[in-house]
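Each chain gets a letter, A, B and so on, in the order the sequences are listed, and its residues count up from 1.
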2 protein chains.
Amino acid sequence: MNSKPFLNTVLSPRLLDLYDISNCVVVIIDVFRATSTIATALYNGAAKVIPVDSVPRCIELGKITGGITAGERDGKVVEGLQHGNSPAEYPRSFIEGQTLVLTTTNGTKLLHMALERGASEVITGSFPNLSTVCDHLVHSGKNVILGCSAWKDKFNLEDTLFAGAVIQRIKEHFTIHCDSSLMAENMYALHQNDMPSFIRKTTHWHRLAAYGMEKDLDYCVSIDVANVLPVYTNGALLVNPQ
Amino acid sequence: MNSKPFLNTVLSPRLLDLYDISNCVVVIIDVFRATSTIATALYNGAAKVIPVDSVPRCIELGKITGGITAGERDGKVVEGLQHGNSPAEYPRSFIEGQTLVLTTTNGTKLLHMALERGASEVITGSFPNLSTVCDHLVHSGKNVILGCSAWKDKFNLEDTLFAGAVIQRIKEHFTIHCDSSLMAENMYALHQNDMPSFIRKTTHWHRLAAYGMEKDLDYCVSIDVANVLPVYTNGALLVNPQ
């Protein structure tokens, strides 16, 4: 029993340094919409996704890699970039074989923090790739940090619900002494059968739905519609890197 | 509708600076056990409770005020102090008319942060004084921050459950656009009828129960057994200060 690896849930990037993550797989969770879009682009055959934290860096890497640049602010494509953050913009017919350079704020920040703090592996997760993430965590046998990207460091529900969905599926394989994880599991159990209506009560929903993104948000809580494992390797998220 | 004051829940001291608290009543919540003990001592007639963050400061203020010094580490009274942190140590026969100088870590830290950041009023709450806290928040008509003291900055469930209990009772009087509050309310609704068993699953329970404090912890989640309003005034918590 005591040899099971640990699993902890971190509810905001602000709380990451309270945990020793040096021997952990860190799952970056940014359900609305970064990690949902990343899974979708890779599922549809993107060669890689490069997550960056600023528009100038996005433009720069777009030029260097020949990749597609993407980013939004206030619901519109940022001037100087080519596409938006919606998973619906990246069907196979468009993204296959391409490099996507994606500006995000919350998710990218947490990802870089996890790398700086010495995570042994960084992957990304959202409902579209729930099963693949769970299978990987169980098979890796390492300690796990479920890292919620939050919204400008404030707690959010959609990332917490995804952490809860993971915990519900894999908890028997881990040692879990963590109130955040217990809460997340409870919240997902409470709402797993009313997700489309419950997410309409979250603050992030109200923020994004104002920009006409309801269909996107419903997609982002759809389970296993883009089952790939994005693994951060040499500056980019790749599927099954060697 | 739009003129209702705002209510937000802050899940850890680390997240307090994400909120403008300058026009707010801040409720310091440290259920296990600081704010439960504070309510109890004042309910039983203590003249005041001075919360301090270190043992030397506790000893110093005990000398200056002639007060009773109290503090524990690892379940034992700290050397140089007179009493522990248990609410059961402060019956009326002992504490009436006395000043209690109490060392706590998580709760005192958050209280001082709230003062430094310009809260317009700082009060303390826990299940023993739930109704009095709720009545005060409704009648004050100010914006509210429910501040969870957490455990060394990590999210904890017992403080969150108290926030949820407050929200359940007073939500119709406030504008609440806050995922932390929605989660807290959900968690309390889910567990309000199984609190004694549910709190036995929390990390803090396991930490303190190891020191034989089960009876204390059950008391700390008992509603309205010490209904006073501790208000921070001139360095101390007082009941109904002028």
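The two residues A/L182 and B/K201 have their closest heavy-atom pair at CD2-O, 3.6 Å.
Only the side chain of B/L11 comes within contact range of chain A, with heavy atoms under 4.5 Å apart. Contact annotation for B/H191: only side-chain heavy atoms (C-beta onward) come within less than 4.5 Å of a heavy atom of chain A. Contact annotation for B/L157: both backbone and side-chain heavy atoms come within less than 4.5 Å of a heavy atom of chain A. In this structure, chain A has a heavy atom under 4.5 Å from the side chain of B/D17, while its backbone stays farther away. At a 4.5 Å heavy-atom cutoff, the contact between B/K152 and chain A is made by backbone atoms alone. Contacts between A/L18 and chain B at a heavy-atom distance below 4.5 Å involve backbone atoms as well as side-chain atoms.
Considering NZ of B/K154 and SG of A/C178, their distance stands at 7.5 Å, rounded to 0.5 Å. Rounding to the nearest 0.5 angstrom, the gap separating the CG atom in A/N186 from the CZ atom in B/F198 is 5.0 Å.
Counting only residues at least two apart or on different chains, the side-chain hydrogen bond (donor to acceptor under 3.5 Å, both in side chains) pairs with a member in residues 109-120 of chain B are B/K109-B/D153.
Summarising the local packing, OH of B/Y43 is surrounded by 12 or fewer heavy atoms from other residues, nucleotides or ligands at distances under 6.0 Å. Under a cut-off of 6.0 angstrom, the local environment of OH in B/Y219 is crowded, with over 12 non-hydrogen atoms contributed by other residues, nucleotides or ligands.
Side-chain atoms of B/M183 and A/M183, non-hydrogen and from C-beta on, do get closer than 4.5 Å to each other.
At least one donor-acceptor pair under 3.5 Å links the side chain of B/D179 to the backbone N or O of A/T203.
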